[in-house]
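Accompanying notes for the structure given below.
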Amino acid sequence: MMHNTKQEDFMKAYESCHERFLRYCSSLAFGKMDVQDLVQDILLSAYSKFDQIENKDELLHYLIRAARNRSISIWRKRRDLVDLKELHRQKLADQGVSPETILDIQLLYSMLNKLPQKQKEAIILFEINGFSMKEIAAIQNSSEAATKTRISRGRNKLAELFSENPDLNLKEVFVSLKSVML
Amino acid sequence: MKENQLQLLFESARSVPTELSLEQVSNTILSFPAVVRKPWFKKINLNTFLMTTSLIILTTAAIILTSQNEASNNSSEIHQIIDIERLDISDRKLSLINPEVPNDIILTSPERDSIFLYEEPLNSEIKGSVLSDTNTLNELNATYERRHFISYREVEEKDIILNTNQAKSLQKMLEDWVEEDELGSWRSGMIKVQYHPEYLVINSDTLNGAILNKYRNLLFQYNITPGINRHIFSSRKYIMAGDFIDGNFRGSVLGKLMRVKITNRPGYIKQGTHEKRKVILHITDFETTNQKFKDATFIDTKMQNEPEAIRTKSDPISKSQLKDLHTEIVSLFKSYGLKTKGHFKYAISFDQSTLELRQRTLKQNQKRELINLLEDYNIRLNDNRLLVLNDYGIMLVEQTGSDTNSFQSWIKSGHIFNITGSDLREIEKSFLRHN
């Protein structure tokens with residue numbers, strides 16, 4: 001069957017992307033949207049256009065770009081409606097993640113959301129998903145040097161944010177502890 | 001925050017398991033609907049289809065309407081002609097009941113695709129049938145004038161419209177070609193072309209064969225199609241190309257305007273002689289003006305005077321005509337090298353069969369040209385006349401029986417012919433003696 005073959009091909013191409021793609025989606029979606037919805041939307045889109053992707057090795061790049069665009073789109077529509085931080089914290093706790101780690105993650109994503117979009121994206125891809133500079137440059141359609149500079153500036157900005165908002169940190173820690181303990 | 005603390009945070013994020021396992025994602029993918037490739041027709045967007053179709057319809061309609069508008073612009077003036085023609089041919093009764101035809105109907109010949117009659121000339125049968133209809137109507141004293149009915153052919157013709165550049169170009173081309181093909185000397189004054197559907201005459205030479213096609217192609221390049229009343233007159237000062245109909249000229253003129261006399265006799269552009277009483281069909285008198293018509297001016301100049309009857313033998317030629325004849329003969333003789341200062345004194349005699357210049361021998365083509373010129377002034381070979389001229393004047397003499405009549409003379413002021421004699425020969429001698 002044609003479509004069965006297509007599913008198999010898609011799965012084969014996807015397997016190598018799964019880890020980094022999911023981690024990226026989790027980074028984008030934390031506290032904002034349901035990761036499963038985001039992943040499902042993107043996979044469906046990628047699957048329907050799989051025939052048009054000439055180089056199947058570039059599926060990961062396609063998924064990353066699609067995830068970025070899709071997350072922005074969803075966030076614009078739902079920002080005033082839902083706060084999913086609690087949900088995500090709960091899910092992480094269900095997966096056996098320690099409360100300290102959950103707290104760290106929550107703090108990190110809170111600060112990342114304050115960075116410019118491209119800086120945030122570059123840092124997530126480099127620091128959390130483990131992409132190389134070259135891959136990030138390809139995804140962001142920029143040069144490696146620019147990507148390197150972007151990541152460096154993002155790191156510095158992130159450090160500043162952590163230093164400038166100790167209250168936020170305490171508040172976030174308190175909320176996180178409360179949710180984890182309860 | 002220090003760099004290593006930040007790295008610890010990143011490490012925490014990296015260590016967290018993904019929210020969805022590979023197995024869950026696989027199940028998700030397997031749960032996708034069996035996406036079947038769309039058939040080709042489903043890829044066609046209805047909106048695109050509608051827009052494309054609409055565009056094609058609008059474009060086609062625009063093209064059709066544009067062409068119709070062009071046609072209607074030209075044909076709006078001729079609806080009456082067409083209607084009248086229909087009435088003429090198929091419903092005579094109706095045409096007689098309503099005989100009011102606008103006077104200018106003949107002047108508004110339409111511009112439309114012409115039938116190239118030189119390719120398939122109207123045969124005599126068709127022509128005959130048209131004319132027989134005409135005659136029948138005339139016999140019934142229909143109010144229409146005959147010319148309205150013979151315009152059947154005219155509506156098939158395109159009006160000649162030349163702009164300044166075209167007129168100049170045609171003038172130059174005719175000058176070069178006519179000289180090259182020895183169809184008459186440019187210096188003789190004027191190139192006369194009669195472009196009838198069934199023949200093409202240039203300076204009294206009826207063309208045929210390759211040379212005919214050559215000139216047809218030339219005229220075709222200027223959108224000049226054949227016509228019953230179609231003539232081109234060209235000299236260094238002017239060019240007139242158009243239709244000469246009942247004293248009206250319709251066509252394009254560039255340069256100094258002139259007086260033209262034409263008949264509808266094939267092969268000649270002159271006064272007709274083959275009918276007992278016949279109007280001089282086409283006279284357009286512009287001789288006093290030096291007006292240049294700007295770019296493709298379409299003129300429709302009516303004759304200022306009533307058509308005059310061609311003179312019978314007893315009618316004297318007018319002084320003004322004799323003056324014109326003098327000018328033209330002088331010009332012609334200059335082109336032959338016969339005009340030298342102080343020695344211009346010639347007598348031209350002609351009887352029923354020939355013309356003779358006493359003092360010099362003319363070549364055959366020169367003689368023919370002179371005959372044509374004289375015939376333009378209704379001076380025919382069989383008139384047994386003598387024409388004497390010098391620098392100062394011209395005199396036409398005719399001998400009838402034993403009498404010798406001086407028809408008319410035109411003399412420049414201060415110079416008087418003093419010629420006497422009982423016969424032409426004596427008059428000629430007397431003239432030649434006179435200085």
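Letters go in sequence order (proteins before strands), and every chain restarts at 1. Just so you know, these numbers use all the heavy atoms, side chains as well, and skip hydrogens, waters and symmetry mates.
Contact annotation for residues 127-151 of chain A against chain B (heavy-atom separation below 4.5 Å, listed by residue number): A:E127, A:I128.
Note that the OG1 atom of A:T101 and the CG atom of B:L8 stand 10.5 Å from one another [nearest 0.5 Å].
In this structure, B:L9 and A:L158 have side chains that are not in contact, with every pair of non-hydrogen atoms separated by 4.5 Å or more. Counting heavy atoms from C-beta outward, B:F10 and A:D104 have side chains that stay 4.5 Å or more apart. With contacts defined as side-chain heavy-atom distances shorter than 4.5 Å, the pair B:L22/A:Y14 qualifies.
For NZ of B:K214, the number of neighbouring non-hydrogen atoms (other residues, nucleotides, ligands) closer than 6.0 Å is greater than 12. Within a 6.0 Å sphere centred on CD of B:E23, heavy atoms belonging to other residues, nucleotides or ligands number 12 at most. No more than 12 heavy atoms of other residues, nucleotides or ligands sit less than 6.0 Å from atom CZ of A:R153. Surrounding NZ of A:K157 are at most 12 heavy atoms belonging to other residues, nucleotides or ligands under 6.0 Å away.
In this structure, no portion of A:E100 lies under 4.5 Å from any heavy atom of chain B.
In this structure a side-chain-to-backbone donor-acceptor pair under 3.5 Å is present from A:H18 to B:L20.
The shortest non-hydrogen separation linking A:L108 to B:A13 is CD2-CB, 3.9 Å. Of all non-hydrogen atoms in A:R23 and B:R14, the two that sit nearest each other are NH1-O, 2.8 Å. Listed here is the closest heavy atom pair of B:S26 and A:M11: OG-CE, 2.6 Å.
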